Amino acid sequence: MSSSPLDQPATRAHLEHLARTGHLSPAALERALHLAGHRPDPATWRRFADRMLLLLGLALLLAGIIFFFAYNWAAMSRFVKFALIEAALAGAVGAAWFRGVHRLGGQAALTGAVVLVGAFLAVFGQVYPTGADAYELFGLWSLLILPWVTMSRFPALWVLWLALLDATWLAYRAQVTDPTGAAWPATVLPPAVLHLAALAAWETGAARGVAWLRKRWAPALLAAVALAALSAPVVDAFFAARGFGLHLGGTHGLAVALYTAVLVTGLWFYRSRRDVLMLALWLLSAIVVVTAGLIKTIDVEGWGALFIGLLVVAQSAAAAAWLRTVAREGGS
């Protein structure tokens with residue numbers, strides 16, 4: 001027995017579907033969107049403004065601390081330098097403890113403390129030159145803040161921690177194993193795998209009902225970084241090949257195989273969840289790779305450039321049409 005369209009969950013897509021099929025007038029649609037929480041009320045806007053101003057203030061405060069040290073570096077003794085940075089660090093940790101690390105104010109203060117740990121390491125390295133390389137600084141920084149990141153349950157801190165791991169690896173490759181950058185495809189693959197693993201863990205936790213993992217901006221950022229890091233060596237594989245096709249030797253072959261598996265798995269997974277944002281990222285990556293293959297195959301002089309442009313438009317239109325179909329399924 002089929003249920004009535006009015007008995008479905010009041011999702012935004014379903015309400016818009018009811019309006020398109022004549023069950024709701026425009027005024028009723030606006031009222032329904034407001035009652036279902038899909039339209040922000042004044043309290044929601046105030047909460048959003050409070051959070052944005054808090055984060056902006058934190059960013060300005062941290063920038064002010066760093067520029068203060070840079071401007072007054074020569075005029076301060078080493079004891080003053082350490083006293084100031086340690087006082088700021090202790091203040092940030094104290095504010096996080098007072099506000100609670102599971103509240104936004106406490107999480108913002110803890111984020112400030114995490115950044116100040118890096119500032120402390122930089123000050124220490126300048127006052128007492130140890131000869132440590134940049135990758136050792138980033139690696140030690142990520143290790144020291146890991147307990148705070150773990151206890152915070154704050155997506156922004158986890159993203160920052162992953163960025164520090166990326167910086168550690170990239171600096172290590174640039175300073176130790178690949179200073180010329182000739183083997184850059186092998187450099188970008190480990191960060192891609194790291195971000196894919198983080199994305200899989202994030203989606204698993206969100207599916208199991210972990211509340212702080214329900215924020216969708218963080219997995220979208222992880223997916224964007226992973227897809228960009230995977231797409232680059234695949235695009236390069238087209239231009240490294242002689243004639244038509246892909247160069248599948250060495251790192252290029254591994255990148256192509258991994259990219260193909262990620263592309264198919266990601267499209268299947270997010271299609272089943274009707275996640276339009278993530279599907280858009282996967283489709284954008286596919287369009288970039290396909291277009292690179294077309295540029296390698298077709299002479300881009302004269303009419304060839306126009307033809308490739310038309311193919312890009314056709315791919316984008318087909319992707320947009322499919323995404324609209326997926327979005328409408330939630331309301332059918």
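Computed from a predicted structure; not experimentally measured.
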Should [X] and [Y] be regarded as members of a common hydrophobic cluster, given that ILVMFWY residues are connected when their side-chain heavy atoms come within less than 4.5 Å of each other, either directly or indirectly?
X	Y	answer
W217	L279	no
L160	L140	yes
I145	W212	yes
L143	L137	no
F239	I287	no

Please examine the side chains of [Y] and [X], heavy atoms only from C-beta on, and report whether any two atoms are closer than 4.5 Å.
X	Y	result
L258	V193	yes
V225	L162	no
L84	F69	yes
L311	T291	no
L281	Y270	no
L170	R173	no
L213	R208	no
V176	Y135	yes

On a heavy-atom basis, which atom in [X] and which in [Y] lie closest, and how many Å separate them?
X	Y	value
A186	T251	N-CG2, 3.7 Å
Y259	V234	CB-CG2, 3.6 Å
E203	R273	OE1-NH1, 4.4 Å
P155	K215	CG-CG, 4.1 Å

Who passes side chain to side chain contact (heavy atoms under 4.5 Å, CB included) against R214, sequence neighbours left out?
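Partners of R214 by the side chain to side chain contact (heavy atoms under 4.5 Å, CB included) criterion come out as none, since no residue qualifies.
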Can you name the side chain to side chain contact (heavy atoms under 4.5 Å, CB included) partners of T265, sequence neighbours left out?
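Once residues adjacent in sequence are excluded, T265 has no partner under the side chain to side chain contact (heavy atoms under 4.5 Å, CB included) criterion.
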Quick check: are there more than 12 heavy atoms from other residues, nucleotides or ligands sitting under 6.0 Å from CH2 of W73?
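Yes, because the 6.0 Å sphere around CH2 of W73 holds more than 12 heavy atoms from other groups.
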Parallel, tilted or perpendicular, as decided by the 30° and 60° cut-offs, for the rings of W161 and W158:
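Ring orientation, 0 to 90° scale: perpendicular.
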What orientation do F82 and Y128 show, parallel under 30°, tilted 30 to 60°, or perpendicular over 60°?
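Parallel.
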Exam field: side chain S285 to backbone W282, donor-acceptor pair closer than 3.5 Å
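Such a contact is absent between S285 side chain and W282 backbone.
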